[in-house]
Colleague: 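Supplied in structure tokens, the structure appears directly below.
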Amino acid sequence: MLAVADVLSSGEARLRDLPWRASRDPWKILIAEVMLQQTQAMRVIRRWHDWCRWYPTPADLSGVPLGDALRRWQGLGYPRRARDLHGAAAAMVQRHDGQVPDSVEQLQALPGIGPYTARAVMAFAFERDVGVVDTNIARILARTAGTKLTRSTVQSLADALVPDGQGWLWNQTLMDLGATVCRPKPSCEACPTAATCRWHQAGNPMPDPAAGSAGVSTPQAPYEGSDRQARGRTLAELGRGANATARFDRRIVEGLILDGLVVERDGELHLP
DNA sequence: ATCCCGAAGG
DNA sequence: CCTTCGGGAT
């Protein structure tokens, strides 16, 4: 079992200074967590400050056309996230009096919010003692247990480990540990869990029990030459103004229309 | 090439 | 269960 006290004290000593960690505003935490889905923290910082200034409440985001949000998401990738955050903002205005709901069930009912993000908001905004399972924490728990874990086992284990009243610090510390020490290639000599980590005690045998990170993180297809690259380029161009449909790859455009990221009117393509 | 504080659709 | 979905850093 994890040495909870050692992990907690290591976190108090060297937690990375990320700006959203100074906030408990549920909406700003939600913006950060959505941006952090598949995008590294260092690349999110500047964009998070911008969005908090432009859209300080859900009503501010839901009050602008989706196209505005998409333009202001440009460069972060996965524009569905901006579309869904815009939709979630509208749903919060409609169903929750413009507030971010404070239950896992209500959060997960919003578009773009899954198991990770719902629990991250509960732990990091509302300071509830829930286990937050991202790719980092899943990796740490699998290695500590010394065996590959299923998704639901990791969640139960994560929930059970949270020290009473310290869900915020505990989860932030574990994530940080995964991002800086218990990385895919680990630095076990610097790890506060080394004394209790079964994988380390066994001499880090292959295969790494964290391989696949309990299914929370999925392998990536190559980006160069992919549809994702073509979609990104198309959206970037459309963000600069309406364009004749004929200038773009039809199959890519169809996909973007299907995803609600592009609309076609009078032979021209526009952001929604 | 690999890695990111994942979610939704099939 | 499976695949798709951006983009930058290393």
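Convention: sequence-line order gives letters A, B, ...; per-chain numbering from 1.
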Colleague: Quick one: label A:P111 by what it contacts on the DNA or RNA (base, sugar-phosphate, nothing), any heavy atom closer than 4.0 Å.
Modeller: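 The answer is sugar-phosphate, as A:P111 gets under 4.0 Å only of primed atoms, P, OP1 or OP2.
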
Colleague: Let me spell it out: for each of A:F124 and A:P222, pick the nucleotide of DNA chain B with the closest heavy atom. Which residue's pick is nearer the 5' end?
Modeller: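 So the residue in question is A:P222.
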
Colleague: For A:L110, which contact category applies under a 4.0 Å heavy-atom criterion: base, sugar-phosphate, or nothing?
Modeller: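 Sugar-phosphate contact only - A:L110 comes under 4.0 Å of backbone atoms but never of a base.
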
Colleague: Rounded to the nearest angstrom, tell me the gap between atom OH in A:Y78 and atom P in B:dC3.
Modeller: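 Rounding to the nearest Å, OH of A:Y78 and P of B:dC3 are 14 Å apart.
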
Colleague: With a 3.5 Å cut-off and heavy atoms only, can you find an N or O donor on one side and an acceptor on the other between the side chain of A:Y116 and the base of B:dG6?
Modeller: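 For A:Y116, whose side chain was compared with the base of B:dG6, there is no donor-acceptor pair (under 3.5 Å).
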
Colleague: At 4.0 Å (heavy atoms only), tell me whether A:R83 reaches a base, stays on the sugar-phosphate, or touches nothing.
Modeller: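 Touches nothing.
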
Colleague: Does A:Q74 reach a base, just sugar-phosphate, or nothing at all? Heavy atoms under 4.0 Å.
Modeller: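 A:Q74: backbone/sugar contact only, no base atoms under 4.0 Å.
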
Colleague: Remember a base hit wins even if backbone is also touched, and classify A:L76 as base, sugar-phosphate or nothing at under 4.0 Å, heavy atoms.
Modeller: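 Counting heavy atoms under 4.0 Å across all strands, the contact made by A:L76 includes a base.
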
Colleague: What is the distance, rounded to the nearest whole Å, between atom CZ of A:R81 and atom P of B:dC4?
Modeller: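 Value for this atom pair: 15 Å.
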
Colleague: Separation of A:R233 atom CZ from C:dC5 atom P, in whole Å?
Modeller: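 After rounding, the gap between these two atoms is 15 Å.
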
Colleague: Touch check for A:I137, heavy atoms < 4.0 angstrom, all strands: base, sugar-phosphate only, or nothing?
Modeller: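 No contact.
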
Colleague: Classify A:R16 by what it touches in the nucleic acid, base, sugar-phosphate, or nothing, heavy-atom distance under 4.0 Å.
Modeller: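 Base contact - A:R16 has a heavy atom under 4.0 Å of at least one base atom.
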
Colleague: Consider the side chain of A:R43, meaning its heavy atoms from C-beta on, and name the nucleotide among B:dA8, C:dG6, B:dC5 that approaches it most closely.
Modeller: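 Closest nucleotide to the A:R43 side chain: C:dG6.
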
Colleague: Under 4.0 Å between a side-chain N/O of A:R228 and OP1 or OP2 of C:dG8, yes or no?
Modeller: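 Checking C:dG8 against A:R228, no side-chain N or O comes under 4.0 Å of OP1 or OP2.
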
Colleague: What is the distance from OH of A:Y223 to P of C:dC5, rounded to the nearest Å?
Modeller: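 Interatomic distance, OH of A:Y223 to P of C:dC5: 11 Å.
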
Colleague: What is the distance, to the nearest angstrom, from the CZ atom on A:R251 to the P atom on C:dT4?
Modeller: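 A:R251 atom CZ is separated from C:dT4 atom P by 11 Å.
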
Colleague: Test your reading of the model: is there a side-chain donor-acceptor pair from A:D176 to the backbone of A:R16, 3.5 Å cut-off?
Modeller: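 Here the side-chain-to-backbone pair exists.
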
Colleague: Taking the side chain of A:N136 as its heavy atoms from C-beta onward, which of C:dG6, C:dC5, B:dC4 lies nearest to it?
Modeller: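 Side chain of A:N136 sits closest to B:dC4.
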
Colleague: Please report the distance separating the P of C:dG6 from the corresponding atom of B:dG9, rounded so that it comes out in whole Å.
Modeller: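 It works out to 15 Å between them.
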
Colleague: Considering every strand shown, what is the Watson-Crick or G-U wobble mate of B:dC5 when both distances are under 3.5 Å?
Modeller: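 Answer to the pairing question: none, since B:dC5 forms no Watson-Crick or G-U pair.
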
Colleague: Just to be sure I understand the rule, does A:R183 reach a base, reach only the sugar-phosphate, or reach nothing, if contact means heavy atoms closer than 4.0 Å?
Modeller: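 It contacts nothing in the nucleic acid.
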
Colleague: Does a distance-only test, which skips hydrogens and angles, find a donor-acceptor pair under 3.5 Å between the side chain of A:Q40 and the base of B:dC3?
Modeller: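 Flag set: donor-acceptor pair detected.
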
Colleague: Does atom CZ of A:R46 have more than 12 heavy-atom neighbours, drawn from other residues, nucleotides or ligands, at distances under 6.0 Å?
Modeller: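 Not buried by this count: 12 neighbours or fewer within 6.0 Å.
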
Colleague: Checking A:D60 side chain against A:C52 main chain: does a donor-acceptor pair fall under 3.5 Å?
Modeller: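 Side chain of A:D60 to backbone of A:C52, a donor-acceptor pair under 3.5 Å: no, none is there.
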
Colleague: Taking the P atom of each, how far is C:dT3 from B:dC5, in whole Å?
Modeller: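 Comparing P positions in C:dT3 and B:dC5 gives a spacing of 24 Å.
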
Colleague: Looking just at side-chain N and O atoms, do A:Y116 and A:Q37 make a donor-acceptor pair shorter than 3.5 Å?
Modeller: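 A:Q37 and A:Y116 do not have a side-chain donor-acceptor pair below 3.5 Å.
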
Colleague: For A:A41, which contact category applies under a 4.0 Å heavy-atom criterion: base, sugar-phosphate, or nothing?
Modeller: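 The answer is sugar-phosphate, as A:A41 gets under 4.0 Å only of primed atoms, P, OP1 or OP2.
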
Colleague: Starting at atom CD of A:E254, determine the distance to atom P of C:dC5, rounded to an integer number of angstrom.
Modeller: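 Nearest whole value for this atom pair: 14 Å.
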
Colleague: For A:D227, which contact category applies under a 4.0 Å heavy-atom criterion: base, sugar-phosphate, or nothing?
Modeller: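 Here A:D227 touches the backbone only, sparing every base.
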
Colleague: Scan A:T117 against the nucleic acid and name what it touches under 4.0 Å (heavy atoms): base, sugar-phosphate only, or nothing.
Modeller: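 Result for A:T117 = sugar-phosphate.
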
Colleague: Going by distance alone, is a donor N or O of one side chain under 3.5 Å from an acceptor N or O of the other, for A:R21 and A:Q172?
Modeller: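 There is such a pair between these side chains.
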
Colleague: Could you tell me whether A:G255 contacts a base, only the sugar-phosphate backbone, or nothing, with contacts defined as non-hydrogen atoms closer than 4.0 Å?
Modeller: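 Nothing: the residue A:G255, judged by heavy atoms under 4.0 Å, touches no strand.
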
Colleague: For the base of C:dG6, is there a side-chain donor-acceptor partner from A:T39 under 3.5 Å away?
Modeller: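 Indeed there is one.
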
Colleague: Does a donor on one side chain sit under 3.5 Å from an acceptor on the other, for A:T39 and A:R81?
Modeller: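 A pair is found: one side chain offers a donor N or O, the other an acceptor, under 3.5 Å apart.
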
Colleague: Round to a whole Å and report the spacing from NZ of A:K185 to P of C:dT10.
Modeller: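 After rounding, the reported distance stands at 17 Å.
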
Colleague: Nearest whole angstrom, please: distance from the P of B:dC5 to the CZ of A:R139.
Modeller: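 After rounding, the reported distance stands at 9 Å.
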
Colleague: Spell out, as yes or no, whether a donor-acceptor pair under 3.5 Å connects the side chain of A:R119 to the backbone of A:V133.
Modeller: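 Between the backbone of A:V133 and the side chain of A:R119 there is no qualifying donor-acceptor contact (under 3.5 Å).
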
